[in-house]
Amino acid sequence: QVQLVESGGGLVQAGGSLRLSCAASGRTFSLNPMAWFRQAPGKEREFVAAMSGSSSTTTYADSVKGRFTISRDKAKNTVNLQMNSLKPEDTAVYYCAARSGVVVRVGAGEYDYWGQGTQVTVSS
């Protein structure tokens, strides 16, 4: 059974930083893209960042470019999201996701495996 488990969420003041981690178990995703999405109350789930299995390709939402950095540790089957210069509008539940396919995509429907989510709250 495949499981993705996020950790690292919490409450932080605007301008602060948080680091999210996601550990995968049940299969390896060394060849597959992994990504982060987020969902704020009353809004649709939106793409944040993704990285290819080879780690050669990264893609970010315009709203987080220059502030967030996605990374992977294939040996540990994990994906991380370093979030700097956080803003109140970054407040959301953050989800880790993984694809069965090998091409990086930004649509939530393109991802087959999901974590349970971790809350990030940025106070002003």
Side-chain angles (χ1 to χ4, degrees):
Q1 181 182 0
V2 176
Q3 282 191 315
L4 302 179
V5 179
E6 301 98 336
S7 60
L11 173 64
V12 64
Q13 288 189 331
S17 299
L18 280 175
R19 182 178 175 85
L20 305 183
S21 293
C22 172
S25 62
R27 64 162 282 181
T28 179
F29 291 102
S30 60
L31 299 178
N32 308 93
M34 296 187 76
W36 289 94
F37 289 77
R38 66 187 182 187
Q39 187 167 18
K43 294 188 176 181
E44 293 188 353
R45 191 168 298 189
E46 66 173 359
F47 171 78
V48 175
M51 178 173 275
S52 62
S54 66
S55 300
S56 62
T57 301
T58 56
T59 303
Y60 294 94
D62 288 344
S63 59
V64 307
K65 278 181 184 176
R67 300 188 299 122
F68 291 10
T69 303
I70 189 171
S71 62
R72 296 182 64 165
D73 184 335
K74 288 197 286 185
K76 295 182 180 179
N77 215 19
T78 61
V79 62
N80 306 301
L81 187 68
Q82 178 66 42
M83 305 185 295
N84 299 328
S85 302
L86 283 161
K87 306 174 181 180
E89 50 264 43
D90 294 318
T91 295
V93 177
Y94 283 71
Y95 296 90
C96 168
R99 293 198 73 214
S100 295
V102 295
V103 179
V104 174
R105 302 291 189 195
V106 300
E110 303 277 4
Y111 286 79
D112 305 288
Y113 305 97
W114 291 86
Q116 82 288 350
T118 185
Q119 177 70 46
V120 171
T121 303
V122 184
S123 62
S124 57

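For the salt bridge (Lys or Arg N to Asp or Glu O under 4.0 Å) test, residues two or more places apart in sequence or in another chain that qualify with E46 are R38. Residues passing the side chain to side chain contact (heavy atoms under 4.5 Å, CB included) test with Q39 are R45, Y95, sequence neighbours excluded. Listed by chain and residue number, Q119, T121, V122 satisfy the side chain to side chain contact (heavy atoms under 4.5 Å, CB included) test with T91 (two or more places apart in sequence, or in another chain). Here S56 pairs with S54 under the side chain to side chain donor-acceptor pair (under 3.5 Å) rule; sequence neighbours left out. Every residue two or more places apart in sequence or in another chain that forms a side chain to side chain donor-acceptor pair (under 3.5 Å) with S21 is listed here: N80. Scored by the salt bridge (Lys or Arg N to Asp or Glu O under 4.0 Å) test, K65 finds D62 as partners (sequence neighbours excluded). Checked against side chain to side chain contact (heavy atoms under 4.5 Å, CB included), S30 has the following partners two or more places apart in sequence or in another chain: T28, K74.
The stretch residues 44-68 participates, sequence neighbours left out, in these ring pair (Phe, Tyr, Trp, His ring centres under 6.0 Å) pairs: F37-F47. Every pair tested for salt bridge (Lys or Arg N to Asp or Glu O under 4.0 Å) that includes a residue from residues 14-32 fails, sequence neighbours excluded, so the list is empty. A side chain to side chain donor-acceptor pair (under 3.5 Å) check over residues 104-114, counting only residues at least two apart or in different chains, returns the pairs S100-D112. Evaluation of the side chain to side chain donor-acceptor pair (under 3.5 Å) test over residues 3-13, restricted to residues two or more places apart or in two chains, returns E6-Q116. Judged as a disulfide (SG to SG under 2.5 Å), the pairs with a partner in residues 60-124 (not counting sequence neighbours) are, in order, C22-C96.
In plain terms, the two heavy atoms of P33 and G101 that are nearest each other are CD-O, 3.1 Å. For A24 against M34, the heavy-atom pair with the smallest separation is CB-CE, 4.4 Å. The two residues S85 and S17 have their closest heavy-atom pair at N-OG, 4.4 Å.
Linking Ile, Leu, Val, Met, Phe, Trp and Tyr residues whenever their side-chain heavy atoms come within less than 4.5 Å places V64 and V12 in a single cluster. Both L81 and V120 belong to a common hydrophobic cluster when Ile, Leu, Val, Met, Phe, Trp and Tyr are linked at side-chain heavy-atom distances under 4.5 angstrom.
The closest donor-acceptor contact from the side chain of N77 to the backbone of F29 lies under 3.5 Å.
In this structure, M83 CE and L18 CG are separated by 4.5 Å, a value rounded to the nearest 0.5 Å. To the nearest 0.5 Å, atom CH2 of residue W36 and atom CG of residue L20 are 4.5 Å apart.
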